[in-house]
Amino acid sequence: MRSVILAAALGLASTAAFAEDFKFASFFAPTHPYVEGAFDPFAEKVAENSGGDLSVTIYNGGELGPGPAEQYSRVLDGVAELAVSLPGYTASTFPLTLVAELPGVLDTETGTADIWNNIELFQPEYRRAILVSLWSSAPNQLYTRDKAVRSPADIEGMKIRVPSRNTGLLVEAWGATPVSMPVSEIYNAMQTGVIDGAMIDTTATRAFRLGEVANYLTIGMDTTNSPFFILANRDAFNSLDDAQQQALLDAGKEASVTANKVQLAVAAGGVEAFAEIEGREVIELTAEEAAAFNALSAPVTEKVVAETGGNAQAIVDALAH
């Protein structure tokens with residue numbers, strides 16, 4: 001199902017016939033909060049900024065091809081001029097961007113603004129596609145099916161879904177076994193016992209119905225977040241005139257802020273919603289309990305930064321609070 005933002009709705013009907021239209025590939029369901037809260041406003045802003053010379057048609061629910069991890073390839077191949085995805089799904093391509101997801105690097109509330117204030121540090125790895133939008137997310141928290149987790153000893157030996165390599169390293173440091181899996185597969189995998197739990201931000205309580213298959217939600221330790229981005233096909237972007245390019249980039253930067261606000265609000269609601277489900281328990285770690293996890297997390301950040309090299313340490317120095 002697609003969302004079409006019409007130039008006519010903005011009083012731009014006279015130029016609509018001549019507008020360049022960019023296809024926007026999204027794996028999110030049309031009902032996901034990002035669609036109404038961030039992606040539709042992004043398309044509207046592109047049309048407004050360009051005076052109707054550039055429009056964006058959003059193809060939701062994987063209409064241009066399913067799979068979160070495959071969206072990057074769809075941009076590179078020109079199947080879509082724009083796509084939203086997570087750099088964690090193609091981690092080897094975006095190691096610098098993923099430094100921002102490491103425990104203790106970003107502040108949840110200011111992370112997106114901090115990224116954009118230092119965006120030049122990330123640009124070296126955006127050579128094949130144009131970075132249009134980039135935002136941090138709410139922290140990945142721990143949903144578990146059968147066992148409450150209050151200490152690293154509790155999680156030891158569990159199979160935990162992770163959204164990225166760095167989160168996998170974190171889970172290993174805690175004593176669990178990481179399982180790489182796209183978000184669309186978590187529900188069935190947890191329901192059937194293929195995995196014991198999942199690391200994901202708490203929008204998943206409703207958006208991916210994890211409140212139905214998890215009995216416990218552990219929060220409060222230093223953990224990763226999962227940055228999102230919107231990328232543009234480089235050839236398509238270069239085919240635009242300077243004003244159209246700027247219209248797209250300005251709308252993208254604004255969308256970063258909007259999407260982050262939507263995500264944080266929905267994530268907070270996800271914790272509340274989980275707590276309200278009968279038989280479910282939100283475990284908010286005490287400072288002492290969290291410290292046991294955090295002592296294991298800190299070396300993961302140090303290791304990844306050292307292995308990544310390049311601008312990695314500069315990114316940490318710029319973003320860490």
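Listed by chain and residue number, S151 satisfy the side-chain hydrogen bond (donor to acceptor under 3.5 Å, both in side chains) test with D154 (two or more places apart in sequence, or in another chain). Residues forming a salt bridge (charged side-chain N to carboxylate O under 4.0 Å, His left out) with E212 (at least two apart in sequence, or on another chain): R209.
Judged by distance alone, the side chain of Q244 and the main-chain N or O of S50 form no donor-acceptor pair under 3.5 Å. Between the side chain of R280 and the backbone N or O of Y216 there is no donor-acceptor pair closer than 3.5 Å. Not a single donor-acceptor pair under 3.5 Å links the side chain of N118 to the backbone N or O of L121.
Scanning both residues, A38 and T258, for their nearest heavy atoms gives CA-CG2, 4.1 Å.
Side-chain N/O atoms of D201 and T203 include a donor and acceptor closer than 3.5 Å. Under 3.5 Å, the side chains of T110 and D114 contain a donor-acceptor pair of N or O atoms.
Within the 4.5 Å cutoff, the side chain of I115 has heavy atoms near those of the L106 side chain. With a 4.5 Å cut-off on side-chain heavy atoms, L248 and F42 count as touching.
Sorted by first and then second residue, the pairs that involve residues 95-133 and meet ring-ring contact (aromatic ring centres under 6.0 Å, His included), not counting sequence neighbours, are F94-Y126.
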Could you walk me through whether R165 and E307 pass the salt bridge (Lys or Arg N to Asp or Glu O under 4.0 Å) test, one step at a time?
CA-CA 13 Å; R165 174 182 176 271; E307 290 177 349; 3.4 Å; yes

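In summary, R150 and E281 engage in a salt bridge, as defined by a charged side-chain N under 4.0 Å from a carboxylate O.
Taking the six-membered ring where tryptophan is involved, the planes of F28 and F39 are tilted, since the angle between them lies from 30° to 60°.
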